[in-house]
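Read the structure below first, then the notes.
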Amino acid sequence: MILRLQLQGKWYVTAEASNSEIHLRQKDKMKILPSELSITEDNKLKIVSTVPKRIGCKKMGMEFEKLENGTYFQTFGCERKLEIVSTDCETYAMVAVKIEKKEKDIKHLWMYTREPKLTSELKEKFLEHGRSMEFLCGQMIFPHEVACQEVTKTVSDACSPEDANSNL
């Protein structure tokens, strides 16, 4: 319970990886997403992110029930399993989500940081875990600017364009 309480508050999604074709088609438009993590009254993990849309910004949320094994679960059209892979609760939290679909399982990995920037140490941690989940370099995304805010923060790319389809 203490871990979950420490995770509450404002975060930024500063890196993401996905094997979703729909998600990857949008990777050049990806931005650092301001997000809020909280615990609901019925003890669910709630994640609300501010996402840019054509006509402005929209808050989008998901709630996950905690399972006995420490992972989280959501059923909304399809089954989603969330796991907090690694965190120090103060500066970062790495979160993996697996979405079970009939045609193909989709997996995501997100790096949440308290500040809208990704340190080189956290970037390396993200790349290492991304490789262990068998993400290709071109599936790992490092956005350059914060969505839905005036201030823009720059983060360097992980890979050169030549490496986009290779394993790291």
Side-chain angles (χ1 to χ4, degrees), residues 3-4 6-7 9-37 45 47-52 60 62 64 66-74 76 78-147 152-168:
L3 171 68
R4 291 174 64 195
Q6 290 174 326
L7 284 173
K10 185 160 183 140
W11 292 87
Y12 296 88
V13 179
T14 53
E16 48 191 302
S18 177
N19 68 341
S20 164
E21 292 174 29
I22 294 169
H23 194 78
L24 292 171
R25 279 196 295 261
Q26 301 295 318
K27 74 180 188 175
D28 293 334
K29 298 176 185 176
M30 297 281 188
K31 296 187 181 208
I32 296 169
L33 299 179
S35 301
E36 188 80 27
L37 275 62
L45 175 64
I47 302 172
V48 178
S49 295
T50 305
V51 179
M60 299 181 75
M62 298 180 287
F64 293 87
K66 187 171 184 179
L67 302 176
E68 288 181 20
N69 67 3
T71 62
Y72 296 85
F73 178 80
Q74 178 197 53
F76 183 74
C78 55
E79 197 173 284
R80 291 179 172 93
K81 294 178 184 173
L82 179 144
E83 180 181 0
I84 299 169
V85 176
S86 177
T87 185
D88 67 0
C89 295
E90 294 177 20
T91 60
Y92 83 96
M94 198 173 346
V95 175
V97 173
K98 181 179 178 185
I99 304 169
E100 296 180 4
K101 294 191 168 199
K102 291 177 187 170
E103 11 3 288
K104 173 184 171 184
D105 287 348
I106 303 295
K107 59 185 177 178
H108 298 278
L109 180 64
W110 292 299
M111 176 64 84
Y112 288 87
T113 56
R114 292 285 188 180
E115 298 295 324
K117 60 184 174 186
L118 187 62
T119 66
S120 57
E121 295 84 16
L122 290 178
K123 183 177 182 180
E124 186 55 42
K125 187 180 287 273
F126 181 84
L127 288 167
E128 184 178 314
H129 195 78
R131 283 186 217 105
S132 76
M133 290 180 66
E134 299 180 355
F135 283 113
L136 300 173
C137 184
Q139 295 173 316
M140 292 190 243
I141 304 161
F142 298 88
H144 292 285
E145 62 183 88
V146 179
T152 300
K153 302 286 182 180
T154 302
V155 181
S156 62
D157 285 318
C159 309
S160 65
E162 305 84 57
D163 296 331
N165 294 317
S166 66
N167 280 318
L168 294 174

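Atom set for the values below is all heavy atoms of this structure, side chains included, hydrogens, waters and symmetry mates excluded. This one's a predicted model, so the numbers in the text were calculated from it and none came from an experiment. Sequential numbering from 1 along the given sequence is applied to the chain's residues.
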Nearest 0.5 Å please: distance from the [atom1] atom of [X] over to the [atom2] atom of [Y].
X      : Y      : atom1 : atom2 : answer
Lys123 : Lys117 : NZ    : NZ    : 14.5 Å
Ser132 : Leu127 : OG    : CG    : 11.0 Å
Lys125 : Ser86  : NZ    : OG    : 4.5 Å
Leu82  : Lys98  : CG    : NZ    : 13.5 Å
Arg80  : Met62  : CZ    : CE    : 7.0 Å
Met133 : Ser18  : CE    : OG    : 9.5 Å

**Asked** Heavy-atom distance under 4.5 Å between the side chains of Glu134 and Asn19, does that happen here?
**Response** no
How close do [X] and [Y] get, counting heavy atoms only, and between which atoms?
X      : Y      : answer
Ala147 : Leu33  : CB-CD2, 3.9 Å
Lys31  : Pro143 : C-CB, 3.4 Å
Leu109 : Phe135 : CB-CE1, 3.9 Å
Ile32  : Pro116 : CD1-O, 3.7 Å
Ala93  : Trp11  : N-CZ3, 3.8 Å
Leu7   : Thr87  : CD2-OG1, 3.6 Å

**Item:** Within the 6.0 Å centroid threshold, strictly below: Phe126 and Tyr92
**Value:**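 Ring centres of Tyr92 and Phe126 not closer than 6.0 Å.
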Would you check if the side chain of [X] reaches a backbone N or O of [Y] as a donor-acceptor pair within less than 3.5 Å?
X      : Y      : value
Arg114 : Lys10  : yes
Lys27  : Gly138 : yes
Arg25  : Ser20  : no

**Prompt:** Would Tyr112 and Met94 count as a side-chain contact (heavy atoms from CB on, under 4.5 Å) if you check the C-alpha gap in whole Å, the side-chain angles of each, and the deciding distance to 0.1 Å?
**Reply:** CA-CA 6 Å; Tyr112 288 87; Met94 198 173 346; over 6 Å; no
**Ile106/Ile22 under side-chain contact (heavy atoms from CB on, under 4.5 Å): CA gap, chis, key distance, verdict** = CA-CA 11 Å; Ile106 303 295; Ile22 294 169; over 6 Å; no
**Item:** NZ/NE/NH1/NH2 to OD/OE distance under 4.0 Å, Glu145 and Lys29
**Value:** no
**Message:** Assess the residue pair Met111 and Thr113 against the criterion (side-chain contact (heavy atoms from CB on, under 4.5 Å)); give the C-alpha distance rounded to whole Å, side-chain angles, the decisive distance to 0.1 Å, and a yes or no.
**Reply:** CA-CA 6 Å; Met111 176 64 84; Thr113 56; 4.0 Å; yes
**Request:** Using the side-chain contact (heavy atoms from CB on, under 4.5 Å) rule, take Leu24 and Ile141 through it: C-alpha gap first, then chi angles, then the decisive distance, then the call.
**Result:** CA-CA 9 Å; Leu24 292 171; Ile141 304 161; 4.1 Å; yes
**Request:** Give a yes or no on this: more than 12 heavy atoms of other residues, nucleotides or ligands lie within 6.0 Å of atom NZ of Lys107.
**Result:** yes
